[in-house]
Every structure is written in C-alpha cells, then in structure tokens.
Amino acid sequence: MPTSEADRVPGHRAARLAVVDPATGEIFDEVPDQQPDELDGVVDRAHRAWHGWRADPVVRTTALRVAADAVEAAGDDLARLLTREQGKPLTESYAEVARTAARLRYFADLAPRTRRIVDGRPVRSEIRWRPLGPVAAVVPWNFPLQLAAAKFAPALAAGNTVVLKPSPFTPLATRLLGSVLATALPENVLTVVTGREPLGARLVAHPGIRHVTFTGSVPTGRAVAEAAAASLARVTLELGGNDAAILLDDADVDRIADRLFWAAFRNCGQVCMAVKRVYAPARLHAEVVEALARRAKTVAVGPGLNPETRLGPINNAPQLARVEQVVKQALADGARAAAGGHRLDGPGHFFAPTILTDVPPDSPVVTEEQFGPVLPVLPYRSLDEAVDAANGTGFGLGGSVWGTDPDRAEAVADRLECGTAWINHHAELSLAQPFAGVKNSGVGVAGGPWGLYGNLRPFVIHRPQEA
C-alpha cells in the first residue's frame, strides 16, 4: 500500500482511520488518517513528476494500457474489497472494476487534435493543447473506483498528474487500486491520500493544484468551488441529481417494470443518476405502484458477498439515518408505504426497499435527493403537469420518458431540463459521451473527448506565412 508522510518518520505511529463493513456495521480494517500538513509534500512531488509525464504522449498511452491490464489482473481482489467496504453485490463490484479498466483504455487512445485557424490573415495560427498540472480528484463512496477512474483517466491521458482522495467510508479499494496502478505508472504520477476532514478541504484549496474535480453534495460542491477560487484552479463538479421518470399514458407497465425498478434501486439507490421520482398517469398509477412494490417485496436483500444478494446495504450510518428520516417525514405527511418503509432487523445498514404512494409533492423525499432504496410514485393528470413537476427541483442531472411510441417519448424528453435524457431506459452511459448536469447538478463536463479537453488548456502559436 502507498505510505503517508507520517509513516515515513521512524518510530512514528500514524493516526488511523477505521473502515466499517456496512453489511455488519463492524470495523474490519483501517487506513492512514493523513494530516493536511502532509499535502505540501504530496503536491510538490506530483508537480515534479508532471514535468516528465507531460513530455511524451506515446509513453503515456503505453502506460495507461498497461495500467488497464493490471487493473483487470487484480480484479478479484479489487472487487471483493470493494464489496466489503461499500456493500454492493459482488457482481456489481466486478462490473465497476471492468469499467475502471475500460476507461483507462478509452482515454489511452484519445488524443487532442491540433487545429489550424484559417481567417484570411497572412499568419499561420495553430491551436495546440497543454496539460494543466497537478489535479485534485475527490471521490464519493457510492462508486469509489469507477468515479475515480472517470477523473484520473482523462487527467492522466492529458498529461497531468493526480492526487486522489477517496471518501473516508471507502478508502480501501482505492488504496489497493493506487498500488496496482503504481506498477504501471511512474512514481508520483498518481497518489492516493486518505483521511478525515479537513484533508479534502485543504487539498482542493492547495495553491499547487490546477484543476479540482469533485463528485458529491451540492453544499460541499459550493465549498469546493469557493476554496479552489483562491488559486483560480479550474473546477469540475458533479453534484448529484433527483432524476424523474415520466411514464406516458401508452406505457406498457408489465414490460417496463423491471427496467424501471432497477433504474431506481441499483446499488441500493445510491446512484447520482438513478430514478428518484416516478410520475405516472392517474389511470396507470395504481398499476405502477403495485408492479414496483411486488418487486421491492421479493428482491433478495443481504450482504454483497452472498451470491444470492441483489440489493446490499446502505453504505454508512449517516446515510442510513438520512434515508430513514426522509421516509418517516413522508409517512408523517400522509404518504403510504406500498412496500418497505423501515430499517431491516439485524446487523448492518439495511433498509427495506421502499415504494411510496400518496406522497405530497412538496415532501423532501420528492424535492430532495434521498440517495437510498426509496422511490416515490406520483400521479399526474396532464403531461404538462408531469413535465413541470419533473423540472421543478433545483437538480438537473438526468431524466427519462417511458412509452410505446418512441417519437412521442422523445418529444417529451426534449422538454426536460437536464444533462441527459433517456427513452425507455435510464442511467446508461457510453464512455464516449459527455456527462454533465444543469442547475445545481454541476459545473463542467466529464466523459468522452469533453472530459479530455477539460484537463487541457489551449495554446495558440502564430508565425508569419512565408512569401
């Protein structure tokens, strides 16, 4: 495992950060609780490594391909450790590891294009692209490896170095990933730091960081942007969502129910672009509630290492308390739980998969991002009413429209105020497409060539045309 500054001091016992298995609620491992004053050395080494790393794009391409192979070779260890600390089913952890390797390969083969400017002047002008410098990548606990790769793969491919900070709830698999990548990358090109706050706050405010890329809550995102502004570092913020799914009056409920359920409940609902609200026509509302509730009542819930499990625990105790609170508030406001609505008995951070009906539209479970295994289903009487409700929050990450006429569904989807809209599915992304939100869902663009160019700055060179 990578060592911290304190680990290097002879006789010094570095502070440690305990890691809890969400399936049991018990501590099962620990990592260094690095201190903010260690960051000066970390960022300085990243800056010095940047000079060599940015110099040769061919070397970078080769190194990133080797890194992808190394991630795949370590897949079993990474996936099992990820499930142990995050809670998701093992099959989903394997998929996350595969996505991490795929992203490294994708960006290894992506290069910025030099562009010539032709504007009638007797000057030859070219736009070239240069890396920014050390990048701070701050990653949440729901997809620790996949979201880390979404940040470091384009940054490294562009010629930057990266200081990566995982959530204190899920640092283990990220530290292991850092060790795996260290076999393929030059020293200090990618450094993983772990610890409690204010480590992350100090990292994003560090004057040696030139780009901050962060995924997390809206309040923390605002604080990150404010801190980064002191050094005028570039920021890319993905700040979550409250995605709405609109079912049209011609929707085939039996046909779409499975897809709709898993669009909301994958990773126990802990997905920024999961369906978090369903709007169904009044005449279909009861049928939709019944179809989703039937699946919620029968889905296999348990530890992620159990091969029968389809839905694991909520990752951490504060988030479990948050989910419980918004559900209790909804029920107190008059909502009814068609399925679930409560914690599950026994150890661990388990909450029963919950379908809510009769929910007041101003209840926090509708207006805020609940980020757990809870789904409110609301009726509508006109399509304009449904679109207005879908657009009626401060979020704008994604949304979807479901119906048997795809052209009609697409026309409705085009009215959604979000970064990505899907027809008859949800939360499926290609490595080659941009990913961005509007309103409070974020600033900047990740994914595809846009993600690469977000880690570069233009450099224009002029020379007179020869006579």
Side-chain angles (χ1 to χ4, degrees), residues 217-218 238-253 256-257 259-261 263-264 269 271-289 291-292 326-327 329-331 333-336 338 354-372 374-428 435-443:
S217 71
V218 174
E238 194 272 277
L239 305 181
N242 189 1
D243 291 13
I246 298 176
L247 277 57
L248 301 183
D249 55 10
D250 62 350
D252 185 335
V253 176
I256 68 173
R259 275 176 284 157
L260 185 60
F261 179 85
V271 183
C272 59
M273 55 183 173
V275 169
K276 298 185 176 74
R277 300 171 284 153
V278 172
Y279 293 95
R283 72 174 188 85
L284 294 178
H285 180 260
E287 183 181 355
V288 173
V289 169
L292 294 173
V326 296
V327 171
Q329 181 66 57
L331 296 175
D333 290 341
R336 178 176 63 86
T354 297
I355 303 296
L356 295 176
T357 185
D358 303 327
V359 186
D362 60 350
S363 178
V365 78
V366 176
T367 61
E368 300 175 9
E369 183 180 29
Q370 67 269 30
F371 219 67
V374 178
L375 183 63
V377 183
L378 299 97
Y380 70 85
R381 300 196 177 280
S382 75
L383 196 51
D384 287 344
E385 174 191 336
V387 172
D388 287 346
N391 292 335
T393 76
F395 293 96
L397 193 59
S400 56
V401 182
W402 305 68
T404 56
D405 182 344
D407 291 333
R408 180 181 176 222
E410 184 174 343
V412 176
D414 195 46
R415 298 169 61 187
L416 297 180
E417 297 171 358
C418 57
T420 306
W422 293 271
I423 309 300
N424 290 328
H425 66 144
H426 196 103
E428 296 182 24
F435 181 62
V438 299
K439 298 190 283 189
N440 288 341
S441 284
V443 175

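Keep in mind the model is a prediction, meaning the values are calculated, not measured.
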Handout entry: Side-chain heavy-atom pair H426, W402 within 4.5 angstrom cut-off
Key = yes

Problem - Shortest non-hydrogen separation from G241 to S441 and the atoms involved - result: CA-OG, 4.0 Å

Practice task
Please report the closest heavy-atom contact between A274 and G269, naming both atoms and the distance.
Solution key: CB-O, 4.4 Å

Completion exercise
Rounded to the nearest 0.5 angstrom, the OG-CG distance for S363 and L331 is 8.5 Å

Completion exercise
Between R277 and A390, the two heavy atoms sitting closest are NH2-O, 3.0 Å

Handout entry: Atom pair CG/CG of D333 and D358 - distance to nearest 0.5 Å
Key = 12.5 Å

Exercise for the section: Indicate the ring-plane relationship of H425 and W422, choosing parallel, tilted or perpendicular according to the 30° and 60° boundaries. Expected result: perpendicular

Completion exercise
Heavy atoms of V278 and V275 approach each other most closely as CG2-CG1, 3.9 Å

Exercise for the section: Identify the heavy atoms of Y380 and D249 that sit nearest to each other, and give their distance. Expected result: OH-N, 4.2 Å

Practice task
List in chain and number order the residues that pass salt bridge (Lys or Arg N to Asp or Glu O under 4.0 Å) with E238, two or more places apart in sequence or in another chain; answer none if no residue qualifies.
Solution key: none

Exercise for the section: Kindly compute the distance separating CD1 (I355) from CZ (R336), expressed to the nearest 0.5 Å. Expected result: 11.5 Å

Completion exercise
Sorted by chain and residue number, the salt bridge (Lys or Arg N to Asp or Glu O under 4.0 Å) partners of D250 (sequence neighbours excluded) come out as R408

Exercise for the section: Can you see which heavy atom on A386 is nearest to which on I246, and at what distance? Expected result: O-CD1, 3.9 Å

Exercise for the section: Would you sort out whether V253 and V288 count as a side chain to side chain contact (heavy atoms under 4.5 Å, CB included), showing the intermediate values? Expected result: CA-CA 6 Å; V253 176; V288 173; 3.8 Å; yes

Practice task
Give, for atom NZ of K276 and atom CZ of F395, the distance between the pair rounded to the nearest 0.5 Å.
Solution key: 8.5 Å

Completion exercise
CZ (F435) and SG (C272) are apart, to the nearest 0.5 Å, by 4.5 Å

Exercise for the section: Decide yes or no on side chain to side chain contact (heavy atoms under 4.5 Å, CB included) for H285 and V377, but give the supporting numbers first. Expected result: CA-CA 8 Å; H285 180 260; V377 183; 3.8 Å; yes

Problem - Separation of L260 CG from L247 CG (nearest 0.5 Å) - result: 6.0 Å

Exercise for the section: Please say which of V366, N242, N440, D243 ends up in a side chain to side chain contact (heavy atoms under 4.5 Å, CB included) with T393. Expected result: N242

Below 3.5 Å, can you tabulate the donor-acceptor pairs from side chains in residues 409-420 to any protein atom, sequence neighbours excluded?
residue, atom, partner, partner atom, Å
R415, NH1, D384, OD1, 3.4
R415, NH2, D384, OD1, 2.9
E417, OE1, K439, NZ, 3.4

Practice task
With side chain to side chain contact (heavy atoms under 4.5 Å, CB included) as the test, would you mind laying out the steps for V326 and V374 before giving the verdict?
Solution key: CA-CA 9 Å; V326 296; V374 178; 5.7 Å; no

Exercise for the section: Using a 4.5 Å cut-off on heavy atoms from C-beta on, say whether the side chain of L239 contacts that of V443. Expected result: no

